[in-house]
Structures are given as C-alpha cells and as structure tokens.
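All remarks here apply to the structure that follows.
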Amino acid sequence: MTSKLLVYFVVSLLICLTTGYQISQFQQKKDHYGLIKDPQQENNGEAFFNQRFILVDDYFNEKSEVDEGKQVELVTSSGIDLEALQKLDLSQKNHTIFLYTGGPGPIEEFYKNSGYVLELAKYYGALVFFVEHRFYGESLPFGESSFDESYLPYLSVDQVTADYMYLIYFYKYALGISDAQIITFGSFYAGSLASYMRFKYPDHITGALASGAPLRMADEFETRSTYWETVTSIFKGGSEDGDKVVALVESGFDTLHELSTWSPRSQGYAQITTLMNTCEPVNDSNYQDLLKIIRNSFAQLALLNYPFPANGFPANTVKVASGIVYDAPRDVDALHDVVAFYYGTDKDDCIDIEDPIINCADPTGCYNGTRGVAWDFQLCWEYLPEIGSSIDNSMFANLPWTKEDLDAYCGSLFSGLPEGGRYQWFKINYWGSKVFSASNVIWTNGQLDPWFGTGIITNSSTPYLNTLSAIPGASHGLDLMTPVEGDGMGKYREMELELIGQILDGTFPSS
C-alpha cells in the first residue's frame with residue numbers, strides 16, 4: 001500500500017469520527033484473487049474502487065466491567081483524534097467492532113432497518129461499520145461499465161467477503177486497536193454473508209449474529225419449495241378466519257385455471273380480463289404473468305408483515321390483506337383487491353400486467369435497474385433459486401421454476417455463463433448446510449418469515465452454537481430492526497444481547 005493511499009484512508013476516517021454518522025468511502029481492491037492493474041497509478045499498481053460505508057462511533061469506548069444489574073455508562077468518541085489514539089498503549093485494552101455485512105442494495109437501507117445493532121453497540125461500547133456490497137448502491141468497481149458481462153464475474157461472494165475483511169482489517173490497525181473483537185451482523189442474504197465471514201476468517205471474526213440467513217438453500221435444495229408453503233401458513237395463522245382466507249385464495253386460483261382451459265380459450269381469457277379487471281386483454285402470452293403478479297403480491301405482503309407501519313404499508317399487512325380477502329364478494333375479486341392493496345391502487349383500477357417487474361431469476365420478487373441485473377447475476381452464477389409454487393403444498397397456482405427454467409432464463413440474459421453456474425460452490429467453499437462445526441454463531445429464525453424453512457436449526461448435539469431457532473411472531477429480520485414497544489421481540493433481543501456478551505468474554509455458549 002502506498003503512502004498516498006494511506007493518507008486517503010486516514011483522512012476519510014477522520015471525517016467520519018469528527019462528525020458522527022455519514023456516508024464515507026474506502027478505496028477497495030477491485031480483485032482480491034488476481035491482479036487488476038491501474039495504468040494511472042505510479043508503478044502500474046493495483047486498481048481500486050470507492051466502496052461506501054457508514055461508520056457509527058458514538059458509542060465506542062473501552063469495554064466496561066459492569067456489575068450485574070448496573071446501567072452501562074456510555075462514552076461517546078465523537079471528535080476522537082486518530083493520531084493521539086494511535087500513540088496510546090492499547091495493547092492491554094478490550095475493544096469491540098460490529099460489522100454489518102451489506103446485502104443487495106444501498107447501504108442506507110440496511111442501516112435504517114438494523115436499529116437493534118446500534119442498541120447492542122450502545123451496550124458494548126462498539127464501533128459500528130455498515131459496509132456496502134460491491135456492485136450495489138454506488139460501490140461500483142468499474143463505474144458505469146460495472147454491469148458489462150465481462151466485469152460481472154467480479155461480483156461473487158468470495159470477492160464480497162474479502163472486501164469486508166480487507167476494510168475491517170485496515171481500520172483495526174489504522175485506529176490502533178488491533179486487539180479488537182469483531183462481531184458480524186446481517187439479515188437474510190446479508191446474514192449468510194455474516195456467517196461466511198466467521199467461517200472463512202475465524203482468526204479475525206470473533207462471532208456472528210445472522211437473522212433469517214437461508215444457509216440450508218446452499219445444498220438442501222428441497223428447502224427452496226418451503227417458501228410458498230410458509231407464506232400460506234403465515235396467512236392461515238394471520239387472522240381468526242385464516243383457514244377460510246386460504247381456502248378463498250385457493251378457490252380464486254382454481255377459478256382462473258378453469259377459465260383458462262375453456263374452449264375456445266379466447267372466451268375464457270376474456271372472462272378473466274373482465275373479472276380481474278386487467279388493463280390489457282389476457283392471452284396465452286401474459287396469463288402466467290398475471291398469476292405471478294397475484295402470487296407475489298401475497299408473498300411480498302408476508303415479507304412486510306411487521307407489527308408497526310413500515311415501507312409505506314400499515315401494521316400487520318397479512319391481517320389487513322386477509323380482511324380484504326374475506327370481505328370480497330367473490331374469490332376472484334379477493335385476488336384483484338389484494339394486488340391493488342399491494343401496489344397501492346384503488347380497487348376499481350385495472351391491473352397492469354405489463355408494468356410490474358416480473359421477469360427475473362428470483363421468482364419471489366424482482367429488483368429494478370442495475371440492482372436487478374446484479375442480483376440476477378448472483379442468482380444465475382452462485383445461488384440458483386429453484387423456487388416454484390405448487391397447489392399441492394400452498395394456496396398458489398402451479399408456477400414451476402425448475403433448474404431448466406433458470407438455465408434458460410440465465411442463458412438468455414448472460415451469454416457467457418456456463419449452464420448451471422457454480423451449482424455446488426457454497427457446499428464446497430462455505431460448508432453448505434453442514435455448519436455444525438462452526439463456533440460463536442447465533443442464527444435467529446422468525447416463524448413469520450417466509451424464508452423460515454431455509455434457516456439453520458440447532459439442538460443440544462451442537463455444543464458450539466446457539467440459536468433462537470423459531471421466534472414466535474417474528475417476521476422477516478424483525479429482531480435486528482429498531483425496537484418498537486409491543487413488537488414482541490423484547491425477551492429475544494435480551495437473549496441476543498446476552499449471547500453476544502458470551503461470545504465476547506469467551507463463555508459462549510452458556511453451560
């Protein structure tokens with residue numbers, strides 16, 4: 001590393017530490033496993049890109065020895081002098097860093113949805129980094145050309161985990177706290193990354209707390225079909241009339257199926273067009289799209305099913321949607337009205353079959369723009385989600401999504417990808433679902449998370465791990481979100497706090 005780069009890193013850090021939370025940038029390697037040269041640098045050195053991160057230092061202090069029951073006294077370090085800190089003898093001190101391993105999106109989203117990480121930082125006096133995932137937000141290794149197919153291979157979990165380790169390793173030494181213990185955090189895919197960091201860098205990463213991490217999908221491929229089954233279960237338990245709601249949804253899909261098989265088919269599709277009030281006439285080419293729009297509206301409402309208003313939706317979206325289904329005059333009206341609720345349109349408005357983004361590698365929902373391109377590439381190259389719905393085990397229509405379907409889609413989008421991608425890579429390189437030799441990892445799984453069936457469940461035969469395997473009432477990532485009175489997560493968050501403490505003091509798991 002040149003002295004010029006070192007100055008850049010230190011200046012960037014000083015800005016953060018003197019002003020508190022803000023978006024900062026770190027000069028990250030474009031390639032950790034080869035050598036991409038930058039012809040504009042002296043000596044034709046390595047090429048770097050600006051990786052964004054959020055640093056929260058408000059609670060950073062030496063780990064306090066606190067008597068049981070005594071309130072922790074927080075010491076803010078805003079305004080800390082980096083040069084003075086580096087001169088201190090910190091070799092015998094205890095320091096803690098929390099690292100949130102960002103997922104597929106701008107890092108601000110993960111920061112705003114992870115308030116409990118900051119609560120834990122208050123308790124343990126931790127320095128907190130939220131680091132943006134390469135190829136998302138504004139952390140683009142190759143600028144506007146990042147999504148050219150020739151550069152997309154640099155979007156891999158191997159590169160991402162190396163990014164996080166390289167950044168946090170640098171700052172440990174830049175701050176003079178090489179002794180710092182590091183706990184990684186993340187929700188869903190970011191939770192998988194938090195786990196992989198502990199697996200891959202156990203000498204540097206002390207432990208991890210991963211909420212709803214779908215690690216079993218890596219090699220237990222049958223778990224992927226549980227997604228739609230779990231969404232159905234969430235609606236079945238979402239109201240007093242849950243069984244009737246599920247039956248009405250099933251009946252609505254049955255009605256559409258019967259109409260789609262009429263002869264001549266054009267008459268059946270005309271009936272569907274009228275009943276579902278679609279903006280475009282339903283036909284052979286868009287009928288499956290209509291079914292996906294309906295199905296995914298229910299699925300997304302299950303993901304947004306929080307006990308408080310969030311993302312523009314009211315509290316308890318499943319209960320609200322269930323009331324819409326139950327109050328609809330006909331089963332098909334129920335399907336239309338739930339779609340209108342999800343998309344924020346009036347019940348009398350038509351459903352635009354062509355407008356919603358519905359074609360992507362992830363059948364549970366798609367992203368727009370370059371974010372969608374990046375996530376598609378990751379799924380086609382490494383994750384391979386075969387998540388089709390079936391009326392046999394859910395309330396939804398038969399909409400298969402097989403490996404063959406995925407290969408066909410991915411081949412049409414990325415001509416240079418080999419068929420099947422790196423189908424076994426996570427099983428080979430990140431243990432798949434056989435993670436029970438890991439240590440100091442806390443996996444939490446909410447029973448109201450549609451991805452519940454893909455998480456890690458441990459038992460007494462796994463002495464080095466501890467999980468909150470099935471948290472009642474917990475929806476997608478709820479335990480890591482900002483605590484809200486009445487959200488039901490109080491005692492579980494207390495357990496997480498205690499387990500983090502055990503990891504830090506070396507007593508995890510408790511006897």
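FYI, the numbering just counts along the sequence from 1. Owing to the predicted nature of the structure, the values given are computational and were not obtained by experimental measurement. Only heavy atoms go into these numbers, but all of them, side chains included; no hydrogens, no water, no symmetry mates.
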Before we go on, tell me: are the rings of [X] and [Y] under 6.0 Å apart, centre to centre?
X: Y196; Y: F426; answer: yes
X: F26; Y: F49; answer: no
X: Y100; Y: F185; answer: no
X: F130; Y: F53; answer: no
X: F142; Y: Y151; answer: yes

For [X] and [Y], test the side chains for any donor-to-acceptor distance below 3.5 angstrom and give the result as yes or no.
X: N445; Y: W451; answer: no
X: N305; Y: N316; answer: no
X: S394; Y: R295; answer: no
X: T444; Y: D479; answer: yes
X: T507; Y: D505; answer: yes
X: Y189; Y: H133; answer: yes
X: Q159; Y: D31; answer: yes

Practice task
Under the salt bridge (charged side-chain N to carboxylate O under 4.0 Å, His left out) rule, collect the residues that match up with D337, sequence neighbours excluded.
Solution key: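 Checked D337 against salt bridge (charged side-chain N to carboxylate O under 4.0 Å, His left out); zero matches.
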Exercise for the section: Mind telling me whether Y367 and W375 have parallel, tilted or perpendicular rings, with 30° and 60° as the class edges? Expected result: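 Judged by the thresholds at 30° and 60°, the geometry between W375 and Y367 is perpendicular.
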Is the closest side-chain heavy-atom distance between [X] and [Y] below 4.5 Å?
X: T101; Y: V131; answer: no
X: F60; Y: H95; answer: yes
X: S192; Y: P214; answer: yes
X: Q378; Y: S156; answer: no
X: Y342; Y: V338; answer: no
X: Q28; Y: S139; answer: no
X: Q181; Y: I97; answer: no
X: H476; Y: F452; answer: no

Ion pair check, [X] and [Y], cut-off under 4.0 Å:
X: D158; Y: K200; answer: yes
X: D487; Y: R493; answer: yes
X: E498; Y: K491; answer: no

Are the side chain of [X] and the backbone of [Y] linked by a donor-acceptor contact shorter than 3.5 Å?
X: Y306; Y: A474; result: no
X: R371; Y: P104; result: yes
X: N296; Y: P363; result: yes
X: R134; Y: D163; result: no
X: S114; Y: Y111; result: no

Problem - Neighbour count above 12 (heavy atom, 6.0 Å) for Y169 OH - result: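 No, OH of Y169 has 12 or fewer neighbouring heavy atoms, counting only those of other groups under 6.0 Å.
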Handout entry: Flag if over 12 foreign heavy atoms under 6.0 Å of NZ, K30
Key =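 More than 12 heavy atoms, drawn from other residues, nucleotides or ligands, come within 6.0 Å of this atom.
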Problem - Residue of the set W228, Y227, F235 for which ring-ring contact (aromatic ring centres under 6.0 Å, His included) holds with F396 - result: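 Exactly one pass, corresponding to W228.
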Practice task
Any chance you could lay out the side-chain hydrogen bond (donor to acceptor under 3.5 Å, both in side chains) test for R198 and T206, step after step, and finish with the verdict?
Solution key: CA-CA 7 Å; R198 171 60 182 169; T206 312; over 6 Å; no
Exercise for the section: Determine, stepwise, if the pair W381 / R422 fulfils side-chain contact (heavy atoms from CB on, under 4.5 Å). Expected result: CA-CA 6 Å; W381 180 226; R422 300 203 291 181; 3.4 Å; yes
